[in-house]
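What follows is a short report on a single structure.
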Amino acid sequence: MGEVKHLVVAKFKEDVVAEEIIKGMENLVSEIDYVLSFEWGEDVQSQEILRQGFTHAFLMTFRNKEDFTSFLGHPKHQEFSASFSAAIDKILLLDFPAVLVKPKT
């Protein structure tokens with residue numbers, strides 16, 4: 001098994017300042033070497049019926065399953081997860097081995 005992706009699709013609670021949570025996530029991934037890359041984005045076009053209330057997507061890449069497991073158990077991740085979970089109204093998580101079909105050119 002090669003790289004592992006950690007996908008989080010979320011809807012923040014109405015009173016949450018998403019930018020503050022995202023900044024915290026950016027700080028977290030910059031401090032933990034297990035994370036190879038981190039991308040995030042906010043939905044800009046999907047019809048509400050299709051996005052089902054979700055507004056933000058976060059994608060982390062790890063070298064392998066062992067690095068991903070180490071990330072999950074890292075004290076900084078566990079601390080951040082508590083505040084992230086408190087800010088979330090709705091969430092979807094997927095962790096999967098990456099299958100690259102078309103690489104960047």
Could you state whether [X] and [Y] fall into the same hydrophobic cluster, counting links through intermediate Ile, Leu, Val, Met, Phe, Trp or Tyr residues with side-chain heavy atoms under 4.5 angstrom apart?
{"X": "Val9", "Y": "Leu94", "value": "yes"}
{"X": "Val29", "Y": "Leu36", "value": "no"}
{"X": "Phe54", "Y": "Leu59", "value": "yes"}
{"X": "Ile91", "Y": "Leu72", "value": "yes"}
{"X": "Phe68", "Y": "Val8", "value": "yes"}

Please give me the minimum heavy-atom distance between [X] and [Y], naming the atom from each residue.
{"X": "Phe80", "Y": "Gly24", "answer": "CE1-C, 3.6 Å"}
{"X": "Leu7", "Y": "Asp95", "answer": "N-OD1, 4.4 Å"}
{"X": "Ile88", "Y": "Ala10", "answer": "CD1-CB, 3.7 Å"}

Please say whether more than 12 non-hydrogen atoms of neighbouring residues, nucleotides or ligands are located less than 6.0 Å from [atom1] in [X].
{"X": "Glu26", "atom1": "CD", "value": "yes"}
{"X": "Asp33", "atom1": "CG", "value": "no"}
{"X": "Lys90", "atom1": "NZ", "value": "yes"}

[atom1]-[atom2] distance between [X] and [Y], expressed to the nearest 0.5 angstrom:
{"X": "Asp89", "Y": "Asp15", "atom1": "CG", "atom2": "CG", "value": "10.0 Å"}
{"X": "Ser70", "Y": "Arg63", "atom1": "OG", "atom2": "CZ", "value": "11.0 Å"}
{"X": "Lys5", "Y": "Met60", "atom1": "NZ", "atom2": "CE", "value": "12.0 Å"}
{"X": "Met25", "Y": "His56", "atom1": "CE", "atom2": "NE2", "value": "10.0 Å"}

Who pairs with Asp43 by salt bridge (charged side-chain N to carboxylate O under 4.0 Å, His left out), at least two apart in sequence or on another chain? Arg51

Do Phe71 and Leu28 come close enough that some side-chain heavy atom pair is under 4.5 Å? yes

Phe62 versus Val35: any side-chain heavy-atom pair under 4.5 Å? yes

Do the ring planes of Phe12 and Phe58 sit parallel (below 30°), tilted (30 to 60°) or perpendicular (above 60°)? perpendicular

Taking Ala82's backbone N and O only, do any of them form a donor-acceptor pair with Ser85's side chain (distance below 3.5 Å, no angle check)? no

Any sub-3.5 Å donor-acceptor pair from Lys13's side-chain atoms to Ala86's backbone N or O?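 The answer is yes, because a donor-acceptor pair under 3.5 Å joins these two groups.
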
For Glu31, the option from His74, Lys76, His77 that meets side-chain hydrogen bond (donor to acceptor under 3.5 Å, both in side chains): Lys76

